[in-house]
Structures are given as structure tokens and as C-alpha cells.
Amino acid sequence: MQGYDKIIIHPVRRSMGLNEEAWVYLRHCVLAVQKQGNEVLDDFLDHTFLYDRKTTIRNHLESNDGIMKEKPPESLMSRYNG
């Protein structure tokens with residue numbers, strides 16, 4: 001997809017002690033991209049990588065399926081539209 005820069009999303013594993021907002025933001029991004037259709041969603045999931053530049057968002061979500069199932073914490077609901 002032309003016109004888009006590469007985006008690096010830092011790891012969102014809460015077990016690593018990272019900011020809770022990171023996994024909520026990743027979930028928010030995936031939900032937003034889903035609205036653009038399957039072609040855009042597949043491109044995002046397969047061509048966007050974590051900081052290691054090896055793990056795709058698709059692979060990360062398959063390994064951490066709870067990210068898409070969980071609702072954001074109450075403190076972030078309004079920010080990320082629940």
C-alpha cells in the first residue's frame with residue numbers, strides 16, 4: 001500500500017510489565033483497520049511488525065488471543081471507544 005510509512009508497535013505482553021495502554025491501543029488499531037475491509041486488514045496484520053521486526057501483528061495476536069477478547073479498562077474506555 002503506497003503512501004503509508006512503516007509503523008513499529010512495541011510488544012504488548014502485559015506479563016512483561018508494560019503499560020496496559022499498549023495492548024489496548026493495539027486492539028483499537030486492529031478494530032479500526034477491520035472497518036476498512038479484509039484486504040486492508042490482511043495487509044496490516046501481515047506487514048506490520050513488533051519491535052523485533054520479525055513478529056507480525058497477526059502472529060502476535062494468534063499467540064495472545066486475549067488481546068482482542070478483553071475490553072479496555074474503565075479508565076481507558078472513553079479514549080479507545082470500549
Side-chain angles (χ1 to χ4, degrees):
M1 304 186 81
Q2 294 179 350
Y4 292 91
D5 292 329
K6 291 182 180 179
I7 299 171
I8 299 174
I9 298 177
H10 295 280
V12 292
R13 294 183 187 164
R14 286 177 287 160
S15 62
M16 295 175 69
L18 294 176
N19 187 325
E20 188 171 58
E21 196 168 322
W23 71 265
V24 175
Y25 181 69
L26 176 59
R27 178 183 173 274
H28 174 72
C29 290
V30 173
L31 292 174
V33 171
Q34 282 178 339
K35 295 177 183 178
Q36 304 304 312
N38 288 336
E39 183 179 353
V40 176
L41 176 62
D42 286 340
D43 187 73
F44 177 77
L45 294 176
D46 295 330
H47 297 102
T48 305
F49 296 84
L50 298 183
Y51 77 102
D52 65 6
R53 298 181 184 184
K54 296 176 185 173
T55 307
T56 64
I57 298 299
R58 183 183 304 277
N59 289 340
H60 184 70
L61 292 176
E62 287 171 353
S63 298
N64 299 277
D65 64 344
I67 291 172
M68 295 307 296
K69 293 177 182 175
E70 280 190 58
K71 295 288 184 189
E74 197 66 39
S75 62
L76 298 173
M77 276 278 195
S78 62
R79 184 179 212 177
Y80 292 109
N81 297 325

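The first residue of the sequence shown is numbered 1, and numbering continues consecutively from there.
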- Query: How about Gln36 and Phe44: do any of their side-chain heavy atoms sit closer than 4.5 Å?
  - Reply: no
- Message: Between Asp42 and Arg58, is there a side-chain heavy-atom distance shorter than 4.5 Å?
- Response: yes
- Measuring from Ile57:CD1 to Leu41:CG, what's the distance to the nearest 0.5 Å? 11.5 Å
- Can you tell me how far CZ of Arg27 sits from CG of Asn64, rounded to the nearest 0.5 angstrom? 15.0 Å
- Task: Just jot down the salt bridge (Lys or Arg N to Asp or Glu O under 4.0 Å) partners of Lys54, sequence neighbours excluded, or say none.
- Result: none
- Message: Do Leu31 and Met68 have side chains that approach each other closer than 4.5 Å (heavy atoms only, starting at C-beta)?
- Response: yes
- Query: What distance do Leu50 atom CG and Leu26 atom CG have between them, rounded to the nearest 0.5 Å?
  - Reply: 8.0 Å
- Query: Do Thr56 and Thr48 have side chains that get closer than 4.5 Å, going by heavy atoms?
  - Reply: no
- Message: What I'd like to find out is whether the side chain of Val33 reaches to under 4.5 Å of the side chain of Asp43, using heavy atoms alone.
- Response: no
- Item | Check: Asp52 side chain, Thr55 main-chain N or O, donor-acceptor pair, under 3.5 Å | yes
- Crowding at CD, Glu74 (>12 non-hydrogen neighbours, <6.0 Å): no
- Message: Testing the basics here: between Trp23 and Lys71, what is the closest heavy-atom pair and its distance to 0.1 Å?
- Response: CH2-O, 3.5 Å
- Message: Going by the rule side chain to side chain donor-acceptor pair (under 3.5 Å), which residues pair with Asp65 if we only count those two or more places apart in sequence or in a different chain?
- Response: Lys69
